[in-house]
Colleague: 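Dropping the structure in here first, questions after.
Just so it is clear: chains get the letters A, B, ... in the order the sequence lines come, proteins before strands, and each one is counted from 1. Scope of the values below: all heavy atoms of this structure, side chains included, with no hydrogens, waters or symmetry mates.
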Amino acid sequence: MSTWARWTSSLRRYLDMAFSDQEIEEFKTEALEMLDAAEKSLLSLDGAAAFKPAFDTVFRCFHNLKGGAGVMELTALQTHTHELENILMGFQNKGVIPAEYVSLFLRGIDGARTLLEGQTIDFNFDVSVEVTKPQVAKPEVGNLEAATNNSASTAAPSSSLFGTNEEFVVECEERVERISKSLQQIENGDHSKELIDSIYRDVHSLKGVAYLFSYGNLGDLSHGIESSLEILRTGSHVPSKILINVLFKCVELIELEVTCIKAKMDNSEIKGLVGNILRMLSEATAALEPALIQAEPSQTVPQTATTAAKIPAAANHPPTAESAAELSSIRVSVPLLDNLMTLMGEMVLVRNQVIQFSNTSENMEFVNLSKRLNVVTSEIQGELMKTRMQPIGNVLGKFSRVVRDLSGELGKQIAIELQGADTELDKSLLEAIKDPLTHIVRNSCDHGIEMPETRRQAGKPIGGRITIKSYHEGGQVVIEIADDGKGLNSDLLLRKGIEKGLITEARAKTMNEKEIFNLIFAPGFSTAAKVTNVSGRGVGMDVVRTNIEKIGGTVELSSVTGTGTTIRIKIPLTLAIVPALIVNSGKNIFAIPQVKLVELVRVDQSSESKVEYLHGAPVFRLRGSILPLVDLDQLLGVAKTKEKPAVLNIAVLNAEHCSFGLIVEEVQDTADIVVKPINRLLKSLQVYSGATVLGDGSVALILDVLGLSKVAQIGKEELNADDSNGERSLKKNKTSDVQDYLLVRVNSPTKHAMVLGYVNRLEEFDTNAVELSGAQRVIRYGDTILPLISANLRLGYAATVRDVTSGKFPVVVVERAGCLYGIEVDEIIDTLSSSLEISSSLAAGGAISGNLNTKDELVVVVDPFELILQTFPHLKSVVVAGEKVVARHAPRAAGPMRILLVEDTPFFRRAIANVLLSGGYEIVTASDGQEAVEILNSDEVSFDLLVTDIEMPRMNGFELAKSVRSNPKFETLPMLAISSRADKSHVQKGVAAGFNVYLEKLQAETLLSMVSELIGPARRAA
Amino acid sequence: MTEQLTTFRIGEDVFGIEVMKVQEVTGPPTIVDVPLAPSFVRGLINLRGQIATALGLRELFGFKTQAEAQMSVVCKIDGNLVSLIVDSIGDVVEVSRNAFEKPPETIPADVRKFIKGIYKTNDSLLSVLDLDRLSKELSNSKE
């Protein structure tokens, strides 16, 4: 039985305690780090790196992971890594690992990662390539140890290991320190299992590493401690004083040994001590009494003393002082660093305040001191920043693997070149850019680099190249990902853009190259001819951009067709402190992050280049192109302190898709600000991203440039598209203009249509079921009687000859004022969605509303209510007048009477609007009650009358009426309801809600006469 | 069971907050206006380098006028610093849980939702402010 199996089985026996989440998490982090290191080494083996150090790293990874997995009871991971370790051992002395095995190990590392995530894998350890397996026996780990034990007699570590020596020593020292701390606690009487377990884990790891590096003494010592701890871990025995003493001696000896290794000193003296102390250890362990009985002091004590005396003698010569300086790294917890950063931020603020104060001071000594403080603080700030910095290579390194895998998968030859991998970046930022970068690299491999054949034909080298360059520039980190692939194709981008409805054809003609390239950042955009599993799912570059911008960075793209694409990412060095421009608006102070600031423009209104007004909106001609302007004071509703100033300050800002100029009252200075979060309520105002405390202690709000542009509605195309003929839609929603119709056939070559919204049900009745009530043909329909109306008869077509004795006929059931009516048609064809206007034809009038001129044919639109009214003339349209409050409502001062029309169905919105427009009224439309309330409350326009539908989404007509009436401003605003739901209960409810008039669905004459009765004619008497 | 409450006045009414929730009481602070924010958000305060949101309890409870004197009661709710702007500060009182009652239905709903309950003391009725409810109001986005 191999050693590892023995340990793990014994461990499992003793481990009845579950691990805490934190422990598992720690193990995971450590394991992932190890796997990363192993992967890197494997990839370096691919190249020409020295074999031995790389091999050792990989081996250590597998071995330690196996051990750890055993302790953590992750059996699958343990078996997995064990198998990998065994295969790897076969190459120990070969000096080279064949490429197919490197691939196998890489796959194995992926597998281990999956296992760490708690998922299962089905792993095939066979090398897929048919190269014969190397004829090496897979040595058991036990054999390995035997081997290393032998070599341990030579004691001195082999020179090839020196590269990793330093790392090893640091690790040992860490572990030893932990062990002695735990031992101390045990000595103080804490015999808890956790403590013993923690020592156990440490010595176990120590042993593994020591044997691997052929440090026999160290391995033997650790092994000894481990064995003696095994019995303690059962809990059946408590450690005796003697045992603890001996354990301490062991640890001391280990420390000594490590010092020797560090100083590369002869350790032969220690070797003698090791055997001695191990013997004492086993004796002390054997002498342990069962739990709760304190072991008596025994004769071993003097022996211990003698050993103790010997150790200092051996320790005399290692020059500890000078070698200790070589290894100087400690681990500090991230929260501690975060705290330090926060405090640093505070300190910077205080510094700013002091400096501001010193500017006004006459005291030279104070001024000098504050200058000194300034310098020192800046230095501390810089140094402290570095503590969180990590080389970007930690992330970029992974891409070697990504590219290697992808090139295999895609059948391309791609090399990756990393430049400036030592550029440092805040760790949190590093994490944040990992995914976006991966995405870009994958894109470059998949879309950028061509297939080898294509490249050859284009006269390029067959192998493609991706270069990732990172460097500092102007306080930011720039990462450039460049490929020498086919570049972006403007024509293709434009075509796709039009196809996906992102741009109009007219727009496409005027776009410059940069704008075209920026299309790939639009949501849902993908140029890949087909979706591969590598990229092209259309969730790509917009997410990349969003993620980069979230951390305050920017993405730029440039491309030359045929020669390649370059993507430049600029990110701030750190998140906590941001350079910003401070501006004033009245007494309010705002900060604008410098990243978003393009330039500052000062405009003299008396000069030639001044702010101009385009349809009331301020714009500025900046180097030939028009820059939309936003007045910060107006946007925030802050009252202007002065009349229009002669000189305007414009901060040109860069929002996601556009630039705009922000008119600010006063520009102050630039400053490094510390971003403080604000609560959600204030964030939801969209215009602020945070707050900060300025040098003088005052609070400034940080403007959210993207949010500003949203609130100011910049960069949104086509608002108010149909401003023509008096209709003004404040919120334009293109899709809502599509109206659904039911297509039916009557005895006419033309198809007929009814608005689908009016159709209650579609039925098919048996001809036999028709009965007569007087002259009226009816059908018993559930509890009620359904009168039948022949569409043919009413529309003036010949009746369709039907087999009277049998057969079925289709009926469109329509509800009117609480009653159901059946409209007989010849055939129900289909539904039709159309955004076309209904053109009133010559034949229009009566039951025909007009025609739809579709692409293929003409469709006649029929009004089912008119059909019903024609059949039953006694059912006059329901008109109910509520309380007449007209006289009390003060009409607007000037212009034609203005009506707010609220209707959710686009068809009727247009129809009613047309009727009212024909009466000369001015119309503003809203598509539901909610929008109507918003328009009314916006105070932008005032109204003389509200005309509304009842059935509407979000806020129906009743709710709207109540809401309007509850506002004292609109207490007397006349309101008119138009609804097909005009049965008694609805009408009553309407009157109760405050409607002055309740009309049945649109009847032009009635509507106009009622409106006129309520508010008078459209034109006021002058 | 007793509870200690920091008391303060708004108009004629006496309110209380659990004493442990109060970080400090200061005089009228310098408040920086936040344009576009709802009226009960008075603005932001620099509290020794930390930013606190100032809430006008008068606005919150529908008072149309401002008091002449103002005090700030700083509490930490869910890790956020909040300064409650009140008219004046009273004593810390110890009240018995037995004297606690739910707020009566007749209190306007806008006020009632911020009140946990009422303590009947000898000389007055003490409304206990529901800080959690207040914090919820702040973490709600406007839309």
Side-chain angles (χ1 to χ4, degrees), chain A residues 342-353 584-591 631-640 665 673-704 707-708 710-712 930 934, chain B residues 21 23 26-57 59-60 62 64 72 74-85 108-110 113-114 130-143:
Chain A
T342 319
L343 288 171
M344 190 63 229
E346 301 297 333
M347 185 153 165
V348 170
L349 286 176
V350 176
R351 189 259 327 248
N352 292 352
Q353 287 173 24
N584 265 27
S585 176
K587 63 178 169 54
N588 295 306
I589 308 168
F590 299 100
D631 190 322
L632 184 62
D633 292 0
Q634 261 174 32
L635 189 77
L636 298 179
V638 183
K640 271 265 183 211
E665 200 178 306
I673 57 167
V674 181
V675 182
K676 308 260 180 190
I678 50 173
N679 55 48
R680 284 254 302 277
L681 182 76
L682 298 184
K683 262 221 162 120
S684 71
L685 298 172
Q686 292 203 334
V687 290
Y688 311 117
S689 60
T692 189
V693 178
L694 295 176
D696 59 358
S698 60
V699 177
L701 286 156
I702 302 168
L703 292 177
D704 182 339
L708 275 177
K710 275 184 195 150
V711 172
Q930 185 85 43
E934 281 162 22
Chain B
K21 298 243 170 110
Q23 182 181 311
T26 67
T30 315
I31 302 176
V32 172
D33 187 36
V34 180
L36 300 184
S39 66
F40 70 90
V41 177
R42 285 282 198 82
L44 301 175
I45 293 175
N46 171 14
L47 196 78
R48 295 185 299 280
Q50 306 284 95
I51 303 267
T53 312
L55 300 183
L57 289 192
E59 287 87 344
L60 198 65
K64 297 271 187 253
S72 151
V74 181
C75 312
K76 198 158 198 173
I77 323 177
D78 293 342
N80 296 318
L81 279 178
V82 172
S83 146
L84 306 172
I85 306 297
D110 290 354
K113 65 178 175 187
F114 296 113
D130 189 343
L131 287 181
D132 296 329
R133 183 67 185 71
L134 212 56
S135 130
K136 226 165 109 192
E137 197 76 8
L138 279 182
S139 55
N140 273 345
S141 40
K142 206 180 154 227
E143 248 36 74

Colleague: Need one label for B/Val41: side chain, backbone, both or neither, based on atoms under 4.5 Å from any heavy atom in chain A.
Modeller: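 Side chain only.
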
Colleague: Measure the spacing between CG of A/Leu632 and CD of A/Glu665 and express it to the nearest 0.5 Å.
Modeller: 9.5 Å

Colleague: How far does CD1 of B/Ile85 sit from CZ of B/Phe40, to the nearest 0.5 angstrom?
Modeller: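 Here the rounded value is 13.5 Å.
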
Colleague: For B/Asp33, enumerate each residue passing the side-chain hydrogen bond (donor to acceptor under 3.5 Å, both in side chains) test, keeping only those at least two apart in sequence or located in another chain.
Modeller: none

Colleague: With a 4.5 angstrom heavy-atom cut-off, could you sort out which part of A/Val687 is near chain B: side chain, backbone, both or neither?
Modeller: side chain

Colleague: Sort A/Leu701 into side chain, backbone, both or neither according to what part of it lies under 4.5 angstrom from a heavy atom of chain B.
Modeller: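 For A/Leu701, side-chain heavy atoms alone lie under 4.5 Å from chain B.
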
Colleague: Which one of B/Leu44, B/Val82, B/Val34 has the most heavy-atom pairs closer than 4.5 Å to chain A?
Modeller: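 Most heavy-atom pairs within the cutoff with chain A belong to B/Val34.
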
Colleague: Relative to chain A, which segment of B/Ile31 carries a heavy atom at a distance below 4.5 Å: side chain, backbone, both, or neither?
Modeller: neither

Colleague: What heavy-atom pair brings A/Tyr688 and B/Pro35 nearest, and what distance separates the two atoms?
Modeller: OH-O, 2.6 Å

Colleague: Mind checking side-chain hydrogen bond (donor to acceptor under 3.5 Å, both in side chains) for A/Asn584 and listing every partner two or more places apart, or none if nothing turns up?
Modeller: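 Once residues adjacent in sequence are excluded, the partners of A/Asn584 under the side-chain hydrogen bond (donor to acceptor under 3.5 Å, both in side chains) criterion are A/Gln668.
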
Colleague: For A/Ile589, is it the side chain, the backbone, both, or neither that has a heavy atom closer than 4.5 Å to a heavy atom of chain B?
Modeller: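 Interface part for A/Ile589: neither.
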
Colleague: Identify the two heavy atoms, one from B/Leu81 and one from B/Ile51, that lie closest to each other, and give their separation to 0.1 Å.
Modeller: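 Answer, listing the atom of B/Leu81 first, then B/Ile51: CB-O, 3.9 Å.
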
Colleague: For A/Thr692, which atoms come within 4.5 Å of any heavy atom of chain B: side chain, backbone, both, or neither?
Modeller: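 For A/Thr692, the contact with chain B is made by the backbone alone.
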
